[in-house]
Amino acid sequence: MTESSVPAHRDFVRQIIDEDLKTEKWAGRVHTRFPPEPNGYLHIGHAKSICLNFGIAKEYGGKCNLRFDDTNPEKEEVEYVDSIMDDVRWLGFDWEDRLFYASDYFEQIYQWAEQLIRDDKAYVCSLGLEEIRGGRGSASEPGVDSPYRSRSVEENIDLFRRMRAGEFPDGAHVLRAKIDMAHKHMLMRDPIMYRIRHTEHHRTGHKWCIYPTYDYTHGQSDSIEGITHSICTLEFENHRPLYDWYCDALGIHHPQQIEFNRLNLTYTMMSKRRLLELVQGKHVHGWDDPRIPTLRGLRRRGYTPESIRAFVAYVGVTKNNATMDMCVLENHIREDLNKRAERRMGVLNPLKVVITNYPEDQTEEMDAVNNPEDATAGTRKVPFSRELYIERDDFMEDPPKKFFRLSPGKEVRLRWAYFVTCSNVVKDASGQITEIHCTYDPATKGGDAPDGRKVKATLHWVSAKHALQAEVRLYDHLFVKEDPDEVSDASLDWKSNLNPNSLIVQPAAMLEPSLGLAKTGERFQFERMGYFCVDSDTQGAHMVFNRTVTLKDQWSKEQAKG
Ligand code: ATP
Ligand code: MG
C-alpha cells in the first residue's frame, strides 16, 4: 500500500482528537511530542511512535516536539542523542525549533518538588532501596508507612536542600511522594521522586547530584511544553494515575495521556536493552547491522523512509498488543522498490557458460529495460560475449520433471539476449561442474524467436570478461523462532535462538558492469534475485551489496518450489 493510498482512517487516537476539537477542550490546539530516552538507537517500534506523533501534528496543523527524556545520567550518551535526531530526520519529520531536553527542566522540577514538600505531599525517606521495595506490599496486601513519613515540612526541606548540595552519599535518602501506602495501584504507594546519584550527566555535567525519576519528570515535562495529547505505549496506562496526581497536586497544565499498542515483529525484537546486548556482545556488527530492526540497520539494509512510513500507517494503532508478521514489513519495501528500483543483472553464485558458436572476440551491446514499472527510467546497454556467468542453481544435469531452466539439450532464453541450448557439461576430477557449453541461435537476438517457438525459462546472466566482481551479503531472519523467547529448556535464553545463518556472504558475485558506478545507498533490483543496495563498506573497486529483501516472500517461494 502506498502512502497516498492509505485511507485517512480515524483510529481511536484521532477520534479522541476529533472530539477534543469539537468540544474545544484545548482551544483548537493539537500539540504532541516524541519523547525518547537517549539510551540506545531508535528501532522500527519507535518509528511507529514518531509517525503517530509527528503525523498527527501535521494532519491537524498542530505541532510536535522532539524531547529527550534524559533523566537517567548513567545510561545516556550524546552518541544516542545525535543518532536519534538523525534518524527522525531520515524518517522525514521535522521538529523545527522545538528540540527540548527534560534535563533543561531540572530546576523547575526541583522547585516543584519543594512545593510538594511544603504542601505536605512529599517527604525525605531514609530507608534503603530494598526496604522501600519491601514496604510496598503486593497487589493483594497494602504497603506499610515508612517511619520517615511523618517528618516535618521544615526537616524535609532542610534534608532535601542538603541532598541537592551534595552532603549525602548515593542511596542515603530519597524523596518520595506522600500519596497512600494502601493505594490499589502499587505505583501510587509513595513512589520515589528523587535519588542521590553522584554521577555526571551528559548535558548538565556535575551541576546535579540528585536526579528526578522518569515518572516524576515525564508528565511535568509534557506540562511545561503545553502538550495537549501525550501519546505513549500501553505499558504506561498504569502510570497515568501517578502523572495525573503530580499535575493535579502542582496545579499545572495537565495534558491528556493516550496509550496505544507497541509494535512487535516476528523473528526479531525491539528491546533496547537486548539490542545493546547484541551489539556489545558482538552478536551483530553494530547498531547499523542490517539484521537488527534499528532504523540504522533497516536503512543500511536498503529500506526507504517511505516504505517504513507506509508500513506503520498500514499497521495502525489500537489498544491490543499483538505481534506483526515480519513479511508485512518486507512486503512494504518490495512494493516501494518495485516502483522505483532500476533492474540490473547480477549472478550471485556463478557458473561459467561458453557459447561455442559465438565469435571469440565479439561483444554486442544488448538493450535492457531499466524498469518496466517506470517508462521514464529508459534503457541501458548490457555487454554480451562468448563467455558468460549464470546462476549455478539455474542449471541441473539431471533435472526433475518440473525443472524448466537449463539442462542438457534444453533451450532457454538469456534475458535481453538470445536463446541458448545446452550442448555439453564440463567437470573437474572430483565431478564438480566447472562450466557448461551452449550454442546460441543468432536469429533470436533480443530474446524472441522469429519462428514463434517458446522457451519455458528466462535466465539472467553476466558477460564474464565485463563482469564486476563484488561481495554480496544475503540476510535471513535474526532469530530462528518467530518468538525469540521461546526456548525448550530453562537453561537457555533468547540468544540461543539467534540464527547462525542470518548473514551469508557471497565474496565473488558477478554483476553487470554498469553497477560499478553505483553509489553507497543506491538501490537496485537484481532480476530474479531480489532488491539490493550498495553498502557503506564499499571502498573503491571493492563493492559490497546488501540484499534488502528477496522478490517474493518465503511462503510463495516454498509454493513455487513444490
Ligand atoms: P525503554 O525500555 O528504554 O523505556 P522504550 O523503547 O520505551 O525503551 P523510549 O526511548 O522511552 O524507549 O521510547 C520513546 C517513545 O517511543 C516512547 O513514547 C515509547 O512509548 C515509544 N516506543 C518505544 N518502543 C515502541 C514500540 N515497539 N512501538 C511503539 N512505540 C514504541
Ligand atoms: Mg520508555
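Atoms within each ligand, like the ligands themselves, are counted from 1 in listed order. As the structure is a computational prediction, the values presented were derived from the model and not from experiment. These values consider heavy atoms only, across backbone and side chains, with no hydrogens, waters or symmetry-generated copies.
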Using only atom types and a distance under 3.5 Å, with no angle test, would you say the side chain of N497 pairs donor to acceptor with the backbone of P484?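 Present.
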Using atom types as modelled and distance alone, determine if a side-chain donor or acceptor of R334 lies under 3.5 Å from a backbone N or O of K552.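 Present.
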Those atoms of ligand 1 less than 4.0 Å from some heavy atom in [X]:
| X | answer |
| --- | --- |
| N39 | 3 (O) |
| K272 | 1 (P), 3 (O), 5 (P), 6 (O), 8 (O), 9 (P), 10 (O), 12 (O) |
| T233 | 19 (C), 20 (O), 29 (C), 30 (N), 31 (C) |
| F34 | 14 (C), 15 (C), 16 (O) |

Ring-ring centroid check Y110 F160, cutoff 6.0 Å: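 Yes - the distance between ring centres of Y110 and F160 falls below the 6.0 Å cut-off.
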Just checking, any donor-acceptor pair under 3.5 angstrom between side chains of E79 and Y41?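 Distance-only check passes for E79 and Y41.
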Mind checking what makes ring pair (Phe, Tyr, Trp, His ring centres under 6.0 Å) contact with Y105, not counting sequence neighbours?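 Per chain and number, Y105 pairs via ring pair (Phe, Tyr, Trp, His ring centres under 6.0 Å) with no residue.
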For Y246, ring pair (Phe, Tyr, Trp, His ring centres under 6.0 Å) partners two or more places apart: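 Applying ring pair (Phe, Tyr, Trp, His ring centres under 6.0 Å) to Y246 gives Y216.
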If you measure from atom 11 (O) of ligand 1 to every heavy atom of R33, E37, E235, which option wins on shortest distance?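 Closest candidate by heavy-atom distance is E37.
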[X] N/O under 3.5 Å from ligand 1 N/O:
| X | answer |
| --- | --- |
| Y214 | no |
| L263 | yes |
| G45 | yes |
| N261 | no |

May I ask whether H43 places a heavy atom under 4.0 Å from ligand 1?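 Heavy atoms of H43 do come under 4.0 Å of ligand 1.
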Are H283 and D289 close enough, and set up right, to give a side chain to side chain donor-acceptor pair (under 3.5 Å), and what steps lead you there? CA-CA 10 Å; H283 299 285; D289 190 301; over 6 Å; no
